[in-house]
Amino acid sequence: MAALILTLFLPLLGAGTILFMNKTLRKGIQYTALGFALATFVVSLFLLFGFDPANADFQYYIHTTWIASLDVGFRIGIDGMSLLLVLLTTFITPITILSSFQAIKDRDKLYYMMLLLLEFGMIGVFVALDTILFYVFWEIILIPMYFIIGIWGGPRRIYAAIKFFLYTFIGSLLMLVAIIWIGIWGGGDAGFTANYLTLREIAPTIPLAIQQWLFLAFALSFAIKVPLFPFHTWLPDAHVEAPTPGSVILAGILLKLGTYGLIRYNLELFPQASIFFAPLLSTLAVIGIIYGALVALVQSDVKKLVAYSSVSHLGFIVLGIFSMTTEGLQGAVIQMINHGLSTGMLFLCVGILYERRHTRELAEYGGIVTVMPKFAVLLGFAVFASAGLPGLNGFVGEFLTMLGAYQSPILGTWTYVAFAALGVILAAAYLLRMYNGVIFGPNLNPKNHALPDLTKLELWQLVPVTVFLVWIGIYPSTFLQLSETNMRLVSSKIEAAHQQMSQEHRVSPTNQLLLSPASLSFLLPQEIKNMPKQNQRALPENGNGAAQQQAQQQMSDEEWMQE
Amino acid sequence: MNRDIALWGALPIYCISAWAVISLLVDAFSKNSRVSFHFAWIGLLLTAIAAVGSFPYEGAAFSGMIATGHYAAFFDVLFAIGGLLTVLAAHPYLERLQFELDEFYSLTLFAIAGMMLIAHANNLLVLFIGIEVMSISFYILAGYFRNKTLSVEAGIKYFLLGAFMSGFLMYGIALVYGATASLHYGAILHATTTGSLSFPTLLIIGATFLVIALSFKAALFPFHFWAPDVYQGAPTVVTGLMSTAGKAAAFAAFLPLAFVFLPQLQIKLQLLLAIIAALSMLYGNIVAITQQNIKRMLAYSSIAHAGYILIGIVAASPDGFAAVTFYAAVYLFMQLGAFVLASVLEQQYGRHLEIQDYKGLYQRHPLLAGLMAVFMFSLTGVPPLAGFFGKYYLFVAAIESGFVWLAILGVVASVISAYFYLGLVVAMFFHPASERSESPLPAGTAGITLAISTLMTFLFGFFPSLLLRVTQQLF
């Protein structure tokens, strides 16, 4: 209990402390921020001790009423997936603060406040079990990121910051409408509810025609954040203009909010609609994989290259999610962690180069290994992890997501995997081209002759990440086992819904007209609560203890409280 | 009990009216405008306290002419606080612009008195008197800088159009009287629900006229044309009061009328209002994008905000009405805060009001820039600030009543508004200071206004149920 509360609020406390510090105390502010971020990390490690991976329920559940009349509460708790992502957040944040020591040269006070506020918001999104609370955290993140890009960014920072804000804002506001809609649907006689646990029970009974629209409202918001092709255009701008620590946070954690949301909200609340839309989203994911890779292949700017590689890598995660098999989902979860670590590290490395040479043009570099051997080795780890070399973490995630997509009865074809595999090859191509161009070859540019190798501060940023790249690559079970029970539950629920749907011959994913105009009737005035509910309770039995898991999931709030 | 209601329930009205009249005398006998200032803010504070005290005295007084208690008391508190914040901000502003005349404070008191009368109205004639008292005070206040062309233009423009709209209002009242043979809200409601109307068509026309007149006062599209010019020309603090409390007063009139007319005219009136709301939200926000003057920008965006508020009336449910009052309250703090902040930076009449002038404000004055950012984010509707919950409750009410499309339009409008609200944040934080910019002078008592506005913007954002619990009691 206390551990979760502390993990969530320590960053906010840190931001509050910095607010009252004198802005001339630069070192003091920096180390206060670092201290709070490290403390948060240490506290978050304690979450592991009390966590039972075999239990599919949300643990450390806390519920305090916030707005009684609308049943909005301060409800937080974590399952395996959110635990992993919280740990990723608390791990990456101190590292970005270390890199900020070099990258941020003015207005430190505001900067470190914003960074800690950002951490607060991100942890909040991962632990919120209340739709309105979730939404509040989701929006809180916008403000600090907007400032970080806008104040400390590159030459086109203002354009990038506004684009980032508006893209995310439009998606999230449509999500708000959907949140209100299901809140009214799920509220019953009480009028409204924002309780995620209640909604997870009730939302699947919404008629499919309306579920589709709600699914789209949520999916749009998350797809923009991920970003899924064709909503990705804000990402390269934001990445290129953001300062190094901003890019690390953006790639490392912020993008994961979208994929997290897709699992937590889209899959769990709207299983039927998810099945219905799986082919569409998987197709977009595969397009993103190839498109991102191809664009990355021709970039001359190293940072842009890494940014587009994110579009490609996130495609794998989305493909894994919409395979909706246990393997695919597990692959997606581990790939979220992997991408956070390896792409975060790539951005750190780009930042390190930029600090020395103030350029990110690939052509300016070459033969760096002769002057910066330590850097060459560590960048190598990040590049090969990102390219999915067996033995490093990227391989595990990509393998699992593709395995899941291949086996998926819902996607039902190997085509997706075939195209996705093309992305893996392309990834090797653009990453090796980048690595080759920077590290090897003759060191011809005279400006590069005397570059200093990594400082102690930089080693502190890169080495811890490298440890995890190897750890996940060699023994992923440490991490996979945390989320396995949850993902198994999600996929079994989807499977049950899928069987039910195909039995009733109501919808098969391929031959149903997309979003019939008749389904738009929900826009017209009507009593939401009087709509017919789908019969969701009569789920067919399906092997490995689905019924037992169903029962588990119906545990009442009181039992959660006792945890 | 009846005497209690007439005495205690109507106390805020006695208080503010007496104070306004006495303040005229104070002006006449004292040569020092400082005295008028202190007299005015003390009076408004006392009125606010009296209004809080009058909350439980629910009923009707003066042969049913005015209603008292919950609903009226809530708006009384709101108007008194709005007036108080304005007066506090006006004192240093007028002093700086060297145009502090005693009448300013008495006129503000009269305007507040008019607003309160509107909230208390239980009879169409009382409503008319309230609106006139408020409007006439505002006409004069808008043209208060009598040696500045823009200000005089604002006054004249507002007066001519306002007088015309008073005609609409009166004519609407007459037609409703013709249809229902009464001016009393209860009697009209009785007549419409029992169906004993001699001329049902008159009722529809009359109600439409009333909607038009009130839409004008609330600056709703397409009756908004006066707003940008008047808001720009009027003294900045007056604009703040007009666009917040003045608008809230129009909605305070709207709500009881909605109760009276919606049972009979539900379908027709609801759709009309929904269209007005949708157009106001979109028009206000789209046009605001191109504005370079911050007062005009806020003026156009206030058209959009009136549109948001109207959503709650369209929803025509207790939740919707509660959302209207909630939004009116939080909007008062954030919008007034923004205008007062603009007035603090305005060192001569009409100067330093371009968005250009806000460039690099963060470097020159981080605190003011930070506060402005808070107001802008709140007006955009970013949680956890008060503006978000205002919009949230409105959208909940709209979706509950089946107006999903209106909620979606509201959302789209919010995204558009993000563009220009953030534009100001961009100017303040992301741009270096321009050479035109000067360091602002100390804010004086306007600091209190800013502090309270910011505090409320945060408070109702973090603990919206504090306010929601009150607004839900009203209906």
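Here is the naming used below: chain letters follow the sequence lines, and residue numbers restart at 1 for every chain.
With a threshold of 4.5 angstrom between heavy atoms, A:Ala217 does not approach chain B through any atom at all. With a 4.5 angstrom heavy-atom cutoff, B:Leu422 touches chain A via backbone and side-chain atoms both. Only the side chain of B:Phe388 comes within contact range of chain A, with heavy atoms under 4.5 Å apart.
Within the 4.5 Å cutoff, the side chain of B:Pro384 has heavy atoms near those of the A:Ile140 side chain. By the 4.5 Å heavy-atom criterion applied to side chains, B:Val411 and A:Leu176 are not counted as neighbours. Side-chain contact between B:Arg469 and A:Ser69 is absent, with no heavy-atom pair separated by less than 4.5 Å. Using a 4.5 Å cut-off on side-chain heavy atoms (C-beta onward), B:Phe463 and A:Ile67 make no contact.
A:Ile151 contributes atom CD1, which lies 6.0 Å from atom OH of B:Tyr362 (distance to the nearest 0.5 angstrom). Rounding to the nearest 0.5 Å gives a distance of 11.5 Å between CD1 of B:Ile408 and CG of A:Leu173.
Nearest heavy-atom pair, A:Leu166 versus B:Val415, reported as atom, atom and distance to 0.1 Å: CD2-O, 3.7 Å. Contact between B:Pro464 and A:Trp66 at its shortest, heavy atoms only, is CD-NE1, 3.9 Å. Of all the heavy atoms in A:Ile184 and B:Glu400, the pair that sits closest is CD1-CG, 3.3 Å. The minimum heavy-atom distance between A:Phe165 and B:Ala418, with the atom names listed, is CE2-CB, 4.2 Å.
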Please assess A:Phe169 against B:Thr380 for the test side-chain contact (heavy atoms from CB on, under 4.5 Å), listing each intermediate value before the final yes or no. CA-CA 10 Å; A:Phe169 200 55; B:Thr380 315; 3.8 Å; yes
The test is ring pair (Phe, Tyr, Trp, His ring centres under 6.0 Å); show your working for B:Phe429 and A:Trp152 and say whether it passes. CA-CA 10 Å; B:Phe429 283 84; A:Trp152 295 276; 9.5 Å; no
Kindly determine whether A:Ile158 and B:His431 satisfy side-chain contact (heavy atoms from CB on, under 4.5 Å), including the steps that lead there. CA-CA 9 Å; A:Ile158 294 172; B:His431 281 293; 3.5 Å; yes
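The choice from A:Ile179, A:Val72, A:Leu70, A:Ile143 that makes the most heavy-atom pairs within less than 4.5 Å of chain B is A:Ile143. With respect to chain A, the highest number of heavy-atom pairs below 4.5 Å among B:Val412, B:Val425, B:Leu466 belongs to B:Val425.
Ring orientation note: the planes of B:Phe377 and A:Tyr146 are nearly perpendicular, at an angle over 60° on the 30°/60° scale.
By the 6.0 Å contact criterion, NZ on A:Lys105 is enclosed, its count of non-hydrogen atoms from other residues, nucleotides or ligands being greater than 12. A 6.0 Å sphere centred on CZ of A:Phe9 holds more than 12 heavy atoms belonging to other residues, nucleotides or ligands.
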